[in-house]
There are 2 protein chains.
Amino acid sequence: MPQARVLEGAEAQLARYLRRRRLKFTPERRLILREVFEHHDHFEADALLVRLRGRGIAVSKATLYRTLALLVRAGLLRQELFGERHSHYEHILGHAHHDHVVCLRCGKVAEFSNKDIERLQDDICRRHAFRPQFHRMAIYGYCSECRDEEA
Amino acid sequence: MPQARVLEGAEAQLARYLRRRRLKFTPERRLILREVFEHHDHFEADALLVRLRGRGIAVSKATLYRTLALLVRAGLLRQELFGERHSHYEHILGHAHHDHVVCLRCGKVAEFSNKDIERLQDDICRRHAFRPQFHRMAIYGYCSECRDEEA
DNA sequence: CTTTATGCAAAGTTTTTGCAGATCA
DNA sequence: TGATCTGCAAAAACTTTGCATAAAG
């Protein structure tokens, strides 16, 4: 899916979400959405704010956090905690579900997805009479570039 | 493994860790270790502090946090973030590796472990030339008691 | 007696909130 | 025009840190 299409789809999805709830599509929300869906896939709130500021867009921290929460509620973003105290956000739209491999030394994050694991997770939920909504899985260790530097 | 044995093992492991690094086995460290390994398996820093205070043990917050970090480094505890901004801690010693199922409504956490998933994770790491150290996996959804209350 | 640990209070980090004024539908 | 938003600054929640004093090895 080309990036412009993704942005278009994201705007449409957010517009629908807002309209249904009689919420407003403000310029701030549009600018943040744009910045989120035009480029990067994986980001932290603070880095996003810096990027916005760099483009001369002066939304407040409060609005940024409120908007990110809104985008999560609207199903456009996924919020992740990779063992750190701050959140990472990822696109849902235009990006299939996947899990993560995180390097403990350089911090690099790679993605993977595995149908067999998903299927086994479903088995587990059935056994626990649990109705799954989503899952998070991350494997922590050392990437090929960092594994040799480690003791 | 009976609980008393676990505590014994934990003390031995910590003592070894400290000795090697010429660190000290202070009364505070011993008391915290005891409170951690005598009973509960799954706890939050603040709840632990309250429990200690309830037993008349007045370690400071600073020492508590420093000691928990030490126990993680020494391989006795695992630190988990279940999508909240505070940590949960779990025993490693006396407790086999497992993953979690978390109820989004009542917050209940159940454990599971699955050899097939672990094996598939190893495959993935091999394919990424990644040297895994540990992983975290949590499935979020609704438990049998809460699934009916949800829309 | 030297190095490491503790307690206190203050600072830090990331995120949330109350409120008054601004703005969208 | 009325409900929702924004920005600000202050609060919140959790954890970390600097420093003086205490204590382990």
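Every heavy atom of this structure was used, including side-chain atoms; hydrogens, water molecules and symmetry mates were not. Letters go in sequence order (proteins before strands), and every chain restarts at 1. Please read all numbers here as calculations on a predicted model, not as lab measurements.
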Asker: Check whether any side-chain heavy atom of B:Val36 lies under 4.5 Å from a side-chain heavy atom of B:Leu76, and answer yes or no.
Answerer: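 Not touching, per the 4.5 Å side-chain cut-off.
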Asker: Side-chain contact test, heavy atoms from C-beta onward, threshold under 4.5 Å: evaluate it for A:Thr26 versus A:Thr63 and give yes or no.
Answerer: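 Side chain of A:Thr26 against side chain of A:Thr63, heavy atoms only: no contact under 4.5 Å found.
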Asker: Using whole Å, what does the distance between atom P of nucleotide D:dC14 and atom NZ of B:Lys61 come to?
Answerer: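 It works out to 9 Å between those atoms.
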Asker: How close or far is atom C1' of D:dT21 from atom CD of B:Glu28, stated in whole angstroms?
Answerer: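 Going from CD in B:Glu28 over to C1' in D:dT21 covers 13 Å.
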Asker: Using a heavy-atom cut-off of 4.0 Å to chain A, what are the terminal contacting nucleotides of DNA chain C, in 5' to 3' order?
Answerer: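 So the contact region on DNA chain C extends C:dT14 to C:dA25.
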Asker: Does the side chain of B:Leu70 reach to within under 4.5 Å of the side chain of B:Arg66, using non-hydrogen atoms?
Answerer: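 No. Closest side-chain heavy atoms not under 4.5 Å.
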Asker: I need the minimum non-hydrogen distance between B:Val102 and A:Phe130, along with the two atoms involved.
Answerer: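 B:Val102 and A:Phe130 have their closest heavy atoms at O-CZ, 3.3 Å.
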Asker: Mind calculating the distance between CD (B:Gln79) and C1' (D:dT16) to the nearest angstrom?
Answerer: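 My rounded result for the distance is 13 Å.
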Asker: Side chain of A:Arg85, heavy atoms from C-beta onward: which of D:dG7, D:dA3, D:dT15 has the nearest atom to it?
Answerer: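 Nearest to the side chain of A:Arg85 among the choices is D:dT15.
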Asker: How far apart are the C-alpha atoms of A:His88 and A:His86, what are their side-chain angles, what is the distance that settles it, and do they pass the ring pair (Phe, Tyr, Trp, His ring centres under 6.0 Å) test?
Answerer: CA-CA 7 Å; A:His88 293 235; A:His86 61 272; 5.3 Å; yes
Asker: Can you check whether B:Tyr65 has a side-chain N or O nearer than 4.0 Å to OP1 or OP2 of D:dT16?
Answerer: no
Asker: In whole Å, I'd like the distance from the CG atom of A:Leu64 to the P atom of D:dA9.
Answerer: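 To the nearest whole Å, that distance equals 17 Å.
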Asker: Mapping B:Lys24 and B:Glu44 onto DNA chain D by nearest heavy atom, which one lands closer to the 5' end?
Answerer: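 Checking each residue's closest nucleotide, the 5'-ward one belongs to B:Glu44.
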Asker: Is there a side chain to side chain contact (heavy atoms under 4.5 Å, CB included) between A:Met137 and B:His135 once you walk through the steps?
Answerer: CA-CA 7 Å; A:Met137 173 164 138; B:His135 70 263; 5.5 Å; no
Asker: Using a strict threshold of under 4.0 Å (side-chain N to carboxylate O), is an ion pair present between B:Arg119 and B:Asp122?
Answerer: no
Asker: Can a salt bridge be assigned to the pair A:Glu118 and A:Lys115 using a cut-off of 4.0 Å between side-chain N and carboxylate O?
Answerer: no
Asker: What residues form a side chain to side chain contact (heavy atoms under 4.5 Å, CB included) with B:Arg55, not counting sequence neighbours?
Answerer: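 B:Arg55 satisfies side chain to side chain contact (heavy atoms under 4.5 Å, CB included) with B:Glu35, B:Glu38, B:His39, B:Ile57 once adjacent residues are dropped.
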Asker: Tell me: NE2 of B:His86 to C1' of D:dT15, nearest whole Å?
Answerer: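 My rounded result for the distance is 12 Å.
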Asker: So what does B:Arg66 hit on the nucleic acid, given a heavy-atom distance under 4.0 Å: a base, only sugar-phosphate, or nothing?
Answerer: base
Asker: What is the distance from atom CD of B:Glu80 to atom CG of A:Leu81, rounded to the nearest 0.5 Å?
Answerer: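 Rounded to the nearest 0.5 Å, the CD-CG separation comes out at 11.5 Å.
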Asker: Please give the angle, rounded to 10 degrees, between the axes at the start and the end of the helix from C:dC1-D:dG25 to C:dA25-D:dT1, where five pairs define each axis.
Answerer: 40°
Asker: If the cut-off is 4.0 Å, is A:Arg22 near the phosphate of D:dT4, judged by side-chain N/O to OP1 or OP2?
Answerer: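 For A:Arg22, the contact criterion (side-chain N or O under 4.0 Å from OP1 or OP2 of D:dT4) is not met.
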Asker: Below 4.0 angstrom from OP1 or OP2 of D:dT15, is there any side-chain N or O of B:Ser87?
Answerer: yes
Asker: Could you state the atom-to-atom distance from CG of B:Asp46 to C1' of D:dA12 in whole Å?
Answerer: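 About 14 Å, once rounded to whole Å.
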Asker: Nearest-Å distance, CG (A:Leu70) to P (D:dC5)?
Answerer: 8 Å
Asker: Just compare D:dC8, D:dA24, D:dA3 and give me whichever is closest to any side-chain atom of A:Ser60.
Answerer: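 So the nucleotide nearest the side chain must be D:dC8.
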Asker: Touch check for A:Ala69, heavy atoms < 4.0 angstrom, all strands: base, sugar-phosphate only, or nothing?
Answerer: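 Since no nucleic acid heavy atom lies under 4.0 Å of A:Ala69, the category is nothing.
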Asker: What is the distance, to the nearest angstrom, from the CG atom on B:Leu49 to the P atom on D:dT16?
Answerer: 14 Å
